[in-house]
Amino acid sequence: MSSAPPSRLRVVAHDPRRPWRVGLLIAVTWGATLGALYYFVRAGLAPQLGAVSIELEHSREALEAARSQIAKLEVQVAQHQRGEQVAERAAQELQTSLGARQDEIAALRNDLGFYQRLMEGGSQQTGVAVHSFEAQRTEDARAWQFALTLSQNLKRNRLASGKIEVTVGGTQGGASVRLALDKLGSDLTSLPFSFKYFQQINGLLMLPEGFTPASVKVRVLPDGGGAVEREFVWKEATAKGA
């Protein structure tokens with residue numbers, strides 16, 4: 001009868017820190033690997049990143065230059081717009097001034113014609129004559145400021161005096177009427193005149209409500225007889241004033 005061989009037992013000392021050290025070694029090795037990988041990648045991309053940084057800087061400079069140019073152009077556009085506005089206002093003022101000068105020239109020509117006829121003497125009719133009648137609207141739509149000009153032939157060379165009757169014809173309430181001065185806002189029924197060569201008489205006509213004027217009749221009654229009468233169409237007499 002044979003006996004069993006004796007069993008071999010191995011006694012190993014237990015180290016409780018060994019798993020921790022193994023894990024630490026693995027972590028350090030992994031970190032070193034990642035660091036080396038990052039270094040090599042960084043080293044490989046460094047030239048490209050530098051180029052990108054330079055391009056970004058150039059783009060920023062170009063953007064700032066574009067913004068500065070836009071600001072300058074906006075200032076220039078605003079200046080041009082102001083210049084155009086000033087030129088437009090100047091043109092309008094010039095047009096208005098030219099219109100006023102043309103009106104003055106027309107008035108002066110009219111006065112020149114009047115004085116020329118006045119100086120012609122014997123070629124014109126003798127005695128008092130009604131030269132013109134003009135009316136201009138005031139702030140009140142019914143009130144009209146009028147100017148009546150009388151003249152007489154210089155050959156007479158004497159003082160002319162007398163009175164003037166002014167009536168305005170038109171329609172009111174569908175009927176034709178003719179209103180004298182005392183019905184047109186005046187306290188007088190006639191206007192006095194006295195002159196040697198010519199005279200301009202000014203006054204105010206207050207038209208009644210609902211009255212539509214059509215004509216103005218001027219009747220001059222010089223002292224000593226020889227009445228003179230002239231009628232003016234209202235639209236023509238008020239054309240300039242309107």
4.5 Å side-chain heavy-atom contact, D187 and D182: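 Not touching, per the 4.5 Å side-chain cut-off.
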Side-chain heavy-atom pair Q172, P208 within 4.5 angstrom cut-off: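 Yes, at least one pair of side-chain atoms sits under 4.5 Å.
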Residue pair V130, L150: steps toward the side chain to side chain contact (heavy atoms under 4.5 Å, CB included) verdict: CA-CA 5 Å; V130 181; L150 304 180; 4.0 Å; yes
S97: side chain to side chain donor-acceptor pair (under 3.5 Å) partners, not counting sequence neighbours: R101
Which atom pair, heavy atoms only, marks the closest approach of [X] to [Y]?
X    : Y    : value
A129 : V228 : CA-CG1, 4.5 Å
T138 : A143 : OG1-O, 3.0 Å
V128 : A160 : CG2-CB, 3.7 Å
W144 : R137 : CE3-N, 3.2 Å
T167 : A180 : CG2-CA, 3.9 Å

Who are the side chain to side chain contact (heavy atoms under 4.5 Å, CB included) partners of [X], not counting sequence neighbours?
X   : answer
E61 : E57, H58
E64 : R67
L94 : L98

V177 reachable from M206 in the ILVMFWY side-chain graph, under 4.5 Å edges: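 Each belongs to a different hydrophobic cluster.
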ILVMFWY network linking V233 to L148, side-chain heavy atoms under 4.5 angstrom: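 As far as the 4.5 Å side-chain criterion goes, L148 and V233 are not connected within one cluster.
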[atom2] on [Y] to [atom1] on [X], rounded to 0.5 Å:
X    : Y    : atom1 : atom2 : value
S151 : Q199 : OG    : CD    : 11.5 Å
E165 : T189 : CD    : OG1   : 7.0 Å
W234 : L205 : CH2   : CG    : 5.5 Å
I164 : L188 : CD1   : CG    : 11.5 Å
L181 : S190 : CG    : OG    : 7.5 Å

Full working for side chain to side chain contact (heavy atoms under 4.5 Å, CB included) between L204 and F146: CA-CA 6 Å; L204 185 69; F146 72 86; 5.7 Å; no
Quiz: residues 209-226 side-chain donor-acceptor pairs under 3.5 angstrom, not counting sequence neighbours:
from, atom 1, to, atom 2, distance (Å)
E209, OE2, R142, NE, 3.3
S215, OG, R178, NH2, 3.3
S215, OG, E231, OE2, 2.9
D223, OD2, S161, OG, 2.8

Check: A135 main-chain N/O paired with Q145 side-chain donor or acceptor under 3.5 Å: no
Salt bridge (Lys or Arg N to Asp or Glu O under 4.0 Å) pairs, two or more places apart, involving residues 71-96: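 The answer is none; no pair qualifies.
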Side chain to side chain contact (heavy atoms under 4.5 Å, CB included) between Q152 and F195, intermediate numbers included: CA-CA 9 Å; Q152 77 163 340; F195 65 94; 4.0 Å; yes
